[in-house]
Amino acid sequence: MKGKFVLAAMAVGGIVFYLSGCAKESADRLSEGSTCDTTGVSYSKQILPILEDNCYTCHQGTAASSGIDLSNFATLQAHVANGDLVSAVTHTGAVTPMPYELPMLASCEVNTIVAWVHQGALNN
Ligand code: HEC
């Protein structure tokens with residue numbers, strides 16, 4: 001009797017695991033599919049609006065958090081070069097996750113920033 005219960009529990013667990021795996025996969029595909037085009041990312045058209053909406057409140061001008069003024073392209077480039085920008089927005093590595101104490105950026109915004117960096121972080 002006990003053996004049957006364990007088997008049934010394992011079967012149900014297996015099905016739930018299988019289904020949740022599928023749901024996650026399709027959600028990932030959706031966020032990286034046609035709705036998020038990261039080919040030839042433009043700084044002015046794609047990156048700037050993300051930074052303006054999510055980062056400039058704290059990282060613009062002389063009173064910027066940690067003295068990091070991301071509206072200054074040279075400063076932004078420095079944080080691309082040392083890896084902090086990607087680490088901060090992907091929540092990886094030793095840097096403080098950004099936006100500070102706020103939810104992570106949408107996955108398409110993160111992917112767009114990462115793609116822009118990989119494409120050379122152009123001022124385009
Ligand atoms: C609510 C204010 C706030 C917002 C919004 C914000 N930051 Fe920050 N940022 C901070 C603070 C405060 C620090 C210093 C954190 C520390 O030293 O632990 C910081 C530090 C950083 C650092 C340096 C990380 C380190 O640990 O050295 C980077 C890079 C950065 N922010 C990028 C961003 C980006 C990109 C965004 C937008 C996606 C953003 N921040 C949004 C407040 C903010």
Side-chain angles (χ1 to χ4, degrees):
M1 217 38 192
K2 230 180 182 177
K4 266 193 189 147
F5 176 76
V6 169
L7 261 180
M10 278 170 68
V12 169
I15 289 165
V16 168
F17 183 72
Y18 177 72
L19 290 178
S20 62
C22 275
K24 189 184 181 307
E25 211 172 281
S26 58
D28 282 353
R29 221 178 288 133
L30 199 69
S31 64
E32 281 163 21
S34 53
T35 52
C36 190
D37 186 359
T38 58
T39 48
V41 175
S42 158
Y43 172 72
S44 56
K45 291 202 187 87
Q46 290 161 274
I47 302 301
L48 190 59
I50 297 173
L51 299 181
E52 280 174 349
D53 290 351
N54 301 284
C55 317
Y56 277 20
T57 42
C58 302
H59 291 291
Q60 187 182 26
T62 45
S65 286
S66 274
I68 301 172
D69 180 3
L70 295 178
S71 67
N72 178 314
F73 195 79
T75 304
L76 179 62
Q77 283 284 17
H79 290 278
V80 166
N82 68 13
D84 284 359
L85 180 74
V86 166
S87 293
V89 297
T90 57
H91 294 192
T92 54
V95 303
T96 308
M98 293 292 140
Y100 191 69
E101 292 183 344
L102 290 167
M104 195 173 181
L105 296 178
S107 66
C108 185
E109 293 172 323
V110 173
N111 291 344
T112 303
I113 292 172
V114 171
W116 174 69
V117 168
H118 286 166
Q119 289 158 14
L122 305 174
N123 189 358
N124 56 359

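Please read these numbers as outputs of a predicted model, since none were measured by experiment. All ligand and atom numbering here is 1-based and tracks the order in the structure.
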So do the side chains of L105 and P99 get within less than 4.5 Å of each other, counting heavy atoms only?
yes
Any heavy-atom pair between the side chains of N54 and V89 that's under 4.5 Å?
no
Where ligand 1 meets T57 - atom numbers and elements under 4.0 angstrom, heavy-atom basis:
5 (C)
Atom 27 (O) of ligand 1 sits nearest the protein heavy atom D84 OD2, 4.0 Å
Heavy-atom side-chain contact between L48 and Q46 under 4.5 Å
no
Taking 2.8 Å as the upper limit, name the protein N, O or S atoms near atom 8 (Fe) of ligand 1.
H59 NE2, M98 SD
Measure the distance from atom 5 (C) of ligand 1 to every protein heavy atom, then report the residue, atom name and distance (to 0.1 Å) of the closest one.
N54 O, 3.3 Å
Give me the residue, atom name and distance of the protein heavy atom closest to atom 24 (C) of ligand 1.
V95 CB, 3.9 Å
Counting C-beta onward and ignoring hydrogens, is there a side-chain heavy-atom pair between Q60 and E52 closer than 4.5 Å?
no
Is the shortest side-chain heavy-atom distance between N124 and S44 below 4.5 Å?
no
Measure the shortest side-chain to side-chain distance between D69 and Y56 over non-hydrogen atoms and say whether it is less than 4.5 angstrom.
no
Atom 35 (C) of ligand 1: closest protein heavy atom, distance to 0.1 Å, is L85 CD1, 3.5 Å
Value for CG (L85) from SG (C55), rounded to nearest 0.5 Å, stands at 8.0 Å
Looking at H118, I'd like to know if its NE2 atom is crowded, meaning that more than 12 non-hydrogen atoms belonging to other residues, nucleotides or ligands lie closer than 6.0 Å.
no
